[in-house]
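Report on one structure; see the data block that follows.
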Number of protein chains: 2
Amino acid sequence: MVKYEVELDAIFLALAHPARRAMLARLGRGEATVGELAAPLGISLPAVTKHLKVMERAKLISRGRNAQWRPCRLEEAPLEAAAGWIEEQRQVWEGRFDRLETYLGTLENEEGTKR
Amino acid sequence: MVKYEVELDAIFLALAHPARRAMLARLGRGEATVGELAAPLGISLPAVTKHLKVMERAKLISRGRNAQWRPCRLEEAPLEAAAGWIEEQRQVWEGRFDRLETYLGTLENEEGTKR
DNA sequence: TACGTACTTTACCTTATGGTTAAATACGAG
DNA sequence: CTCGTATTTAACCATAAGGTAAAGTACGTA
């Protein structure tokens, strides 16, 4: 249980910047070169390189090589891990309500018994 | 579409620290005071106060007042927003595969036609 | 009103982010 | 082997994160 925890730091951190989320959204539609990712962002290429490093650290992307291009590919696993953590929280949270409902149900029954 | 985008920065940032995730997990089981949240963390209270501010900024928590205690409550909406963004990405990602399958299916048919 | 408990604020430090420009590297084409 | 294109590295800067210790604030109680 809770096998992530280290990686989640890097994953959520990587997701916390609009430029990086934009790049991931783009990569969801297929591989792209650095230039293609940079084009819509309005920041310098060195800045993009840095963002790519943050995403590589989180293993959100992997990179290939094709002549002078270094294409980026989206890796789904970390996104699944992030979604998994949130889902886990939802379970806890919903569990709380379920218990509350059970408790309220019990109260109702007791009320009924009293009447 | 994509109504978040500003908030997501703060939400994902807030999720990017283990102490904050631990506090959120604890809050999933119900309200807690600052002291209760701090106890398992092994960091100073001022540090905890700062983490709480980060989570308030992301609207992941709201706070009440009860004498000298300032109880924290989990707010689900931002977690839903974060999960929503990831789910959106999954749609894109899966859409890509669907299209790829369609494409491969088309190729297969063409192959079949040629033979 | 003075005291203890529960936090928060202030001041300070270190390291990480996010950005820039300019120089360096890698590779294909001529 | 030189040139152009694609991308990274280096050097630099400003600001934010994350932590601390010490002082300040808020509230119930004796």
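In what follows, chains carry the letters A, B, and so on, assigned in the order in which the sequence lines appear, proteins first and then strands, with residues in each chain numbered from 1. Just so it is clear, the values below take in all heavy atoms, side chains as well, and ignore hydrogens, waters and symmetry mates. Please read these numbers as outputs of a predicted model, since none were measured by experiment.
Rounding to whole angstrom units, CG of residue B:Leu37 and P of C:dT8 are separated by 10 Å. We find that CG of A:Leu41 is positioned 9 Å from P of C:dG19, with the value rounded to whole Å. Look at CD on A:Glu56: it is 15 Å from P on C:dT17, rounded to the nearest Å. In this structure, CD1 of A:Ile43 is placed 15 Å from P of C:dT17, rounded to the nearest angstrom. Rounding to whole angstrom units, CE of residue B:Met23 and P of D:dG18 are separated by 10 Å.
In this view, A:Arg73 and A:Glu31, A:Ser62, A:Glu75 satisfy the side-chain contact (heavy atoms from CB on, under 4.5 Å) rule, not counting sequence neighbours. Qualifying side-chain hydrogen bond (donor to acceptor under 3.5 Å, both in side chains) partners for B:Glu76, counting only residues two or more places apart in sequence or in other chains: none. With sequence neighbours excluded, the residues that form a side-chain contact (heavy atoms from CB on, under 4.5 Å) with A:His51 are A:His17, A:Ala19, A:Arg20, A:Met23, A:Ile43.
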**OP:** Could you go through the side-chain contact (heavy atoms from CB on, under 4.5 Å) check for B:Leu74 and A:Gln89 one step at a time?
**Re:** CA-CA 11 Å; B:Leu74 180 67; A:Gln89 292 323 113; over 6 Å; no
**OP:** Could you encode protein contacts along nucleotides 9-14 of chain D as a string, one character per nucleotide from 5' to 3', using B for base contact, S for sugar-phosphate-only contact and - for no contact, with a heavy-atom cut-off of under 4.0 Å?
**Re:** B-----
**OP:** Assign a letter to each nucleotide of nucleotides 23-30 of chain D from its 5' end: B, base within under 4.0 Å of a protein heavy atom; S, sugar-phosphate only; -, no contact.
**Re:** ---SBS--
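For C:dT17, the OP1/OP2 oxygens have no side-chain nitrogen or oxygen of A:His51 closer than 4.0 Å. Residue B:His17 has a polar side-chain atom (N or O) positioned under 4.0 Å from OP1 or OP2 of D:dG19.
Hydrophobic clustering, with ILVMFWY side chains joined whenever heavy atoms are under 4.5 angstrom apart, keeps B:Val54 apart from B:Val34. A:Leu8 and B:Ile86 fall within a single hydrophobic cluster, where Ile, Leu, Val, Met, Phe, Trp and Tyr side chains are chained together by heavy-atom contacts under 4.5 Å. Tracing side-chain contacts under 4.5 Å through hydrophobic residues (I, L, V, M, F, W, Y), one reaches A:Leu37 starting from A:Leu79; they form part of the same cluster.
An angle of 10°, rounded to 10°, separates the two end axes of the helix from C:dT1-D:dA30 to C:dG30-D:dC1, each defined over five pairs.
Between B:Leu15 and B:Leu24, the closest side-chain pair of non-hydrogen atoms falls below 4.5 Å. Annotation: side chain of A:Leu27 is not in contact with side chain of A:Leu60 (no heavy-atom distance under 4.5 Å). Proximity of A:Arg70 to A:Leu52: side-chain heavy atoms (C-beta onward) are nowhere separated by under 4.5 Å.
Each of A:Arg20 and B:Arg63 has a nearest nucleotide on DNA chain C; the 5'-most of these lies closest to B:Arg63. Across the interface with DNA chain D, nearest-nucleotide mapping of B:Arg57 and B:Ser44 shows B:Arg57 to be the residue nearer the 5′ end.
Between B:Glu87 and B:Arg90, at least one side-chain nitrogen of the basic residue sits less than 4.0 Å from a carboxylate oxygen of the acidic one, meeting the salt-bridge criterion.
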